[in-house]
2 protein chains.
Amino acid sequence: MGNTVGGVGVLDKAIDVLAALELQPRSLSELVVVTGLPRATAHRLATALEQHGLVRRDGDGRFMLGTRLLSLGQAAAETWPLATAAAVPLATLRDETGESVQLFVRDGEERVCIAALQSLHGLRTIVPLGARLPLSAGSAARVLTEDVGAIGEWAQSVGEREAGVASVSAPVRDSGGRIVAAVSVSGPIERTTKQPGKRYGAFVVNAARQIEVNAGLRGAGA
Amino acid sequence: MGNTVGGVGVLDKAIDVLAALELQPRSLSELVVVTGLPRATAHRLATALEQHGLVRRDGDGRFMLGTRLLSLGQAAAETWPLATAAAVPLATLRDETGESVQLFVRDGEERVCIAALQSLHGLRTIVPLGARLPLSAGSAARVLTEDVGAIGEWAQSVGEREAGVASVSAPVRDSGGRIVAAVSVSGPIERTTKQPGKRYGAFVVNAARQIEVNAGLRGAGA
DNA sequence: AGTTTGTGTCTCACATAATGGGACGCTAGT
DNA sequence: ACTAGCGTCCCATTATGTGAGACACAAACT
């Protein structure tokens, strides 16, 4: 049940355990129900993961994600120099627009959010760090799939990926002009209007420029 | 070699692979050298991890940490509500002092850094997110081990955990008065002087208060 | 008191599932 | 053409993880 063809069995199960703990801490019995593993197996895997620091336990003995994932997650984030270069520009973009902002990169046939800040409004869009979204919908998707300069300065979408949500995205290019990422602003249509590009386009483009500068991509380009 | 007594073999090796990729991307052959695994095994584990998104590959086929670790790391960070509550107070503390700042919690017989910001100076102390430090040295260690109110407002240490480094820490308490975390400022003795508490004590204590407020810990307490 | 049901933990005979030497196809360098 | 190095894949072998079941303990029953 649920093992990939060429997979390594133990690993599949171990990662099932981590996935089960991603949402909330769980007792062993809960873990058994959620993962569908036999009790002895779930216990052995969870304690093995614990020895490696990927899992830890609270006072009641419940399992939860461990400290090792902090450092690994940190290290993973650092493999995209863009993410750190984008921290400040994204913050100002969020403050300028008041809406949630994200940085996406293409990964295979999906796009991944490698940096995000949330709107301060009560009603806001949330795109968690590491989220994998389709390349088929959303303004960021359009930016990432348009290989060359077919798009203008920015792209917008209204209720495309999710009902009631509009977004504006601008490409981040390397010195050769290739699109390496997309900066996005997204929020409820009620606030962004149906022409979000008019309100936010300039801000988003500006943030993209800043990211290029911070990442040292602006050098030899045209 | 290097397998813990009660451990799960495959997991040990798989995590060795992740650890090897933590510092830098590596080709398969490099991976073999670093981990000491047979080529076929290293390859199988790395590709298995890739299927789960814990590992991805760059254009040259080299392995590096994957996007899944972003979301897991994020989820792990959220298991300490303190970490998010501390984000803003830590930033202001860093700006006020100009030095690196950290938030530590006790975990067994060690302490773990669950939030950190680095000094902007060229010479600075670095404590990476998720780092595990001893409970036997450093001002933060003293704060975390002193169970009740034996310490004053803050604790300081000079060249205790590491030569040339001084630090000041203040406890973060819950509504019952129990110490749940320690906020620290640390930097080279040359800048902090040998009485860092005099310079930074008030700031650190203030940051600790702010964190308590943000985390909703200040309610019923004395 | 006793009993039942729920924990988490550990063992151990068994066969599944991971192993790794070696083969294969590839590109780059000589 | 030859060599050297790479990533990938196969498959006989057996080491390895497996999981039903036993165990200890605690809480909530009767």
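All heavy atoms count here, side chains included; hydrogens, waters and symmetry mates do not. Chain letters run A, B, ... following the sequence lines, proteins first and then strands; every chain starts at 1.
- What separates CZ of Arg26(B) from P of dG7(D) is a distance of 13 Å, to the nearest Å.
- Without hydrogens or angle criteria, Ser100(A) side chain to Arg124(A) main chain gives no donor-acceptor distance under 3.5 Å.
- A 4.5 Å side-chain heavy-atom check between Gln24(A) and Arg62(A) finds every atom pair outside the cut-off.
- Comparing dT30(C) with dG7(D), their C1' atoms sit 22 Å apart, to the nearest whole Å.
- Taking side-chain N and O atoms only, His43(A) has no distance below 4.0 Å to OP1 or OP2 of dG8(C).
- In this structure, Thr47(B) reaches neither bases nor backbone, as no heavy-atom distance under 4.0 Å exists between it and the strands shown.
- Across the protein-nucleic acid pair, Asp12(A) atom CG and dT16(D) atom P stand 19 Å apart, rounded to whole Å.
- The salt bridge (charged side-chain N to carboxylate O under 4.0 Å, His left out) search around Arg94(A) returns none, not counting sequence neighbours.
- Nucleic acid contact for Arg57(A): sugar-phosphate only, since backbone atoms but no base atoms lie under 4.0 Å from a heavy atom of the residue.
- The distance between atom CG of Asp58(A) and atom C1' of dG8(C), rounded to the nearest whole Å, is 14 Å.
- dT18(D) atom C1' lies 16 Å from atom CG of Leu11(A), rounded to whole Å.
- Straight-line distance from the CG atom of Leu37(A) to the C1' atom of dG19(D): 11 Å, rounded to whole Å.
- Residue Leu45(A) contributes atom CG, which lies 9 Å from atom C1' of dG17(D) at whole-angstrom precision.
- Side-chain contact between Leu21(B) and Arg26(B) is present, with heavy atoms from C-beta onward closer than 4.5 Å.
- Listed pair Lys13(A) / dT18(D) meets the phosphate criterion, a side-chain N or O lying under 4.0 Å from OP1 or OP2.
- At distances below 3.5 Å, not a single donor-acceptor pair connects side-chain atoms of Ser169(B) with backbone N or O atoms of Val143(B).
- For Arg106(A) (side chain) and Val180(A) (main-chain N/O), no donor-acceptor pair under 3.5 Å exists by modelled atom type.
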Quick tally for nucleotides 23-30 of chain C: nucleotides whose base has a protein heavy atom under 4.0 Å get B, sugar-phosphate-only ones S, the rest -, giving --------
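- Among dG20(C), dG21(D), dT18(D), the nucleotide with an atom closest to any side-chain atom of Pro38(B) is dG20(C).
- A donor-acceptor pair under 3.5 Å is absent between the side-chain atoms of Arg68(A) and the main chain of Val55(A), judged by distance alone.
- Ser29(A) comes within 4.0 angstrom of the backbone, heavy atoms only, and of no base.
- Under the 4.5 Å side-chain criterion, counting only non-hydrogen atoms from C-beta, Glu50(A) is in contact with Arg57(A).
- The residue among Ser27(A) and Ala40(B) whose nearest nucleotide of DNA chain C is located toward the 5' end is Ser27(A).
- In this structure, the CZ atom of Arg62(B) is 13 Å from the P atom of dC6(D), given to the nearest Å.
- For Val10(A), whose side chain is taken as the heavy atoms from C-beta onward, the closest listed nucleotide among dA18(C), dG21(C), dT8(D) is dA18(C).
- Taking side-chain N and O atoms only, Arg44(B) has no distance below 4.0 Å to OP1 or OP2 of dC9(D).
- Between Thr41(A) and dG19(D) there is a side-chain polar atom (N or O) within less than 4.0 angstrom of OP1 or OP2.
- Among the nucleotides dG19(D), dG7(D), dG8(C), the one closest to any side-chain atom of Leu28(B) is dG7(D).
- The distance from atom CG of Leu31(A) to atom P of dG8(C) is 10 Å, rounded to the nearest whole Å.
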